[in-house]
Amino acid sequence: MSTIDDLTARIRYVLVRTSHPGNIGSAARAIRTMGFQRLELVMPARFPDREANALAAGADEVLESAGIHEDMIGSLAGCSLALGLSARRRGVNLPEISPREAAQQVLAAAARGEQVALVFGNERTGLENEELARCHAMVRIPSVDDFSSLNLSQAVQVMAYELRVAMLGDTPVPPPLHEEPPADAARMEQFYVHLAQTLDDIDFHKGREPTTIMLRLRKLFQRAQPDERELRVLHGILADAQRMAELAKGQ
Ligand code: SAH
C-alpha cells in the first residue's frame, strides 16, 4: 500500500514556457498547499526571480528544488503518464477528461508505482499542439465557453485540489492494466523518431507532409501505452523494414 507521501512524490507539475515569474511562485504555493513538492519548469522566461519568491509566500523549497529544462521531454523523464491542461481543444485529437477524472487516473498510475506529469502551458498561447501530442489526454477545467481561460496558477490550484481530495478519499484504486509499467516519455520519443525515420525509408509518405500522420500514430501508441519489451519488438520490426528498404534500393 502506498502512503499519501509516496503518491505525491510520484506526481510532478510541469509548467511550459511560463512568461511571468509571479505565476511560477503562485503555482509553487498552490501545489505546496495541497501537499505536493515537485515542480518542473520548461524554458521559463525568467527564473529564478524575486517575483517568483514573493508570490510563493513561503513555498520557497518548491522553487529551490524545481527542475529547469530546455525541452518538454526532459521534464517528463521517467513518466509513463502525462496529462496536458488546456482551456481549448486545439487541433490535437486527444481524449478530453475533467480534472476529477484526471485525478483518478493520476492516482491509479501513482498507486501502481508509476510517475505522472500534469502539464500546463504558456499564459498567452497555452500548450502548442506538439506539446499536447506528448500527452495521453487533455484535461479541461469546465469553465464557460466565452471566457474559458483561467490564470495559470489558478489552473494549477484546481488540479492540485482535485488530486488532494481524491487522495484523502478512499476510492478504491483500479487494478493495473499492464503487468509491466508502460515505457516512459523518453523511450516513447526514441520510438517515434525511429518510426518517422522508417516511414521515410520505406517511402510511406510519397511526397505528402508527414505531420498529420505522425500525430495520428502518436495518438495510437499513446493509447496503447506499450511497455519496454513491447517497444523492443516494435523497434525490431522497424529495423527489419529499414534493412529491407536498404536491400530494395540496391536492386
Ligand atoms: N489562451 C491560452 C490560455 C493559457 S492559460 C489557451 O487558450 O490555452 C495558461 C495555462 O493554464 C493553460 O495552458 C492551461 O494549462 C491552464 N488553463 C487555463 N485555463 C484552463 C482551463 N479552463 N482548463 C484547463 N487548463 C487551463
Side-chain angles (χ1 to χ4, degrees), residues 11-34 36 38-47 49 51-52 55-56 59 62-63 66-76 79 81-107 109 115-166 185 215 218-219 222:
I11 299 170
R12 70 186 72 170
Y13 291 77
V14 176
L15 307 186
V16 183
R17 294 177 291 104
T18 311
S19 305
H20 304 294
N23 278 334
I24 299 178
S26 300
R29 178 182 188 175
I31 69 171
R32 181 70 180 83
T33 55
M34 298 296 124
F36 298 95
R38 188 149 178 203
L39 194 62
E40 302 293 330
L41 306 172
V42 181
M43 290 185 287
R46 282 162 46 204
F47 189 81
D49 191 279
E51 224 177 306
L55 280 148
V62 173
L63 293 181
I68 303 178
H69 307 272
E70 276 170 19
D71 58 27
M72 190 173 142
I73 284 300
S75 73
L76 300 181
C79 283
L81 179 67
L83 302 178
L85 277 91
S86 180
R88 284 183 292 147
R89 257 206 140 262
R90 315 233 155 206
V92 183
N93 198 8
L94 279 180
E96 187 181 307
I97 57 177
S98 70
R100 204 155 289 177
E101 289 164 328
Q104 292 301 331
Q105 292 206 12
V106 168
L107 285 194
Q115 296 199 49
V116 184
L118 295 153
V119 187
F120 298 81
N122 167 269
E123 292 91 331
R124 203 170 50 78
T125 54
L127 287 170
E128 304 287 347
N129 284 344
E130 62 185 54
E131 290 161 350
L132 273 174
R134 304 218 149 92
C135 299
H136 295 87
M138 194 196 103
V139 184
R140 208 180 72 79
I141 298 166
S143 46
V144 293
D145 286 341
D146 64 342
F147 205 82
S148 62
S149 175
L150 279 74
N151 164 271
L152 168 61
S153 67
Q154 291 174 357
V156 170
Q157 185 75 77
V158 169
M159 194 59 243
Y161 168 75
E162 284 294 348
L163 277 164
R164 174 90 179 143
V165 170
L215 285 174
R218 267 179 187 274
K219 192 184 160 208
Q222 299 279 55

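Values below: every heavy atom of this structure, side chains too, minus hydrogens, waters and symmetry copies. Every number for a ligand or one of its atoms is a count from 1 in the order of the listing. Note that the structure is a prediction, hence the values are computed from the model and not measured.
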With distance as the sole test, does His136 use its side chain to make a donor-acceptor pair with the main-chain N or O of Ala82 at under 3.5 Å? yes
If you measure from CG on Leu15 to CE on Met43, what distance do you get to the nearest 0.5 Å? 12.5 Å
Using a 4.5 Å cut-off on heavy atoms from C-beta on, say whether the side chain of Glu128 contacts that of Met72. no
Which one of Leu150, Thr18, Val156 has a non-hydrogen atom at the shortest distance from atom 19 (N) of ligand 1? Leu150
Would you check the N or O atoms of Phe120, main chain and side chain alike, for any that come under 3.5 Å of an N or O of ligand 1? no
Closest to atom 17 (N) of ligand 1 by heavy-atom distance, out of Ala155, Ala27, Ala102, Pro142, is Ala155
Nearest heavy atom to atom 3 (C) of ligand 1 wins, so pick from Gly84, Gly126, Ser149. Ser149
Using modelled atom types and a 3.5 Å cut-off, is there a donor and acceptor pairing between side-chain atoms of Ser153 and backbone atoms of Ala27? no
Under 3.5 Å between some N or O of ligand 1 and some N or O of Leu152? no
contact_flag Met159 ligand 1 heavy-atom lt 4.0 Å: no
Without swapping roles, check the side chain of Glu101 against the backbone of Ser98 for a donor-acceptor pair under 3.5 Å. yes
With no hydrogens and no angle check, is any side-chain donor or acceptor of Glu123 less than 3.5 Å from a backbone partner on Thr18? no
Please work out which of Leu118, Leu15, Asn151, Ile141 has its closest non-hydrogen atom nearest to atom 23 (N) of ligand 1. Ile141
Would you call the rings of Tyr13 and Phe36 parallel, tilted or perpendicular if under 30° counts as parallel and over 60° as perpendicular? perpendicular
Out of Pro99, Ser86, Ser148, Gly121, indicate the one that has the non-hydrogen atom closest to atom 10 (C) of ligand 1. Gly121
Within the structure, does Arg140 bring an N/O atom to less than 3.5 angstrom of an N/O atom in ligand 1? no
Strictly distance-based, threshold 3.5 Å: is any side-chain N or O of Gln222 a donor or acceptor partner for the main-chain N or O of Ala133? yes
What atoms of ligand 1 come closer than 4.0 angstrom to any heavy atom of Val139? 24 (C)
Side chain, backbone, both or neither: which applies to Ala87 and ligand 1 if a contact is any heavy-atom pair less than 4.0 Å apart? both
Which ligand 1 atoms are under 4.0 Å away from a heavy-atom of Ser143? 22 (N)
Polar contact flag for Thr125 and ligand 1 (N/O pairs, less than 3.5 Å): no
Is a side-chain donor or acceptor of Arg12 paired with a backbone partner of Ser75 at a separation under 3.5 angstrom? yes
Glu123 heavy atoms, cut-off 4.0 Å: which ligand 1 atoms fall inside? 3 (C), 4 (C), 5 (S), 9 (C)
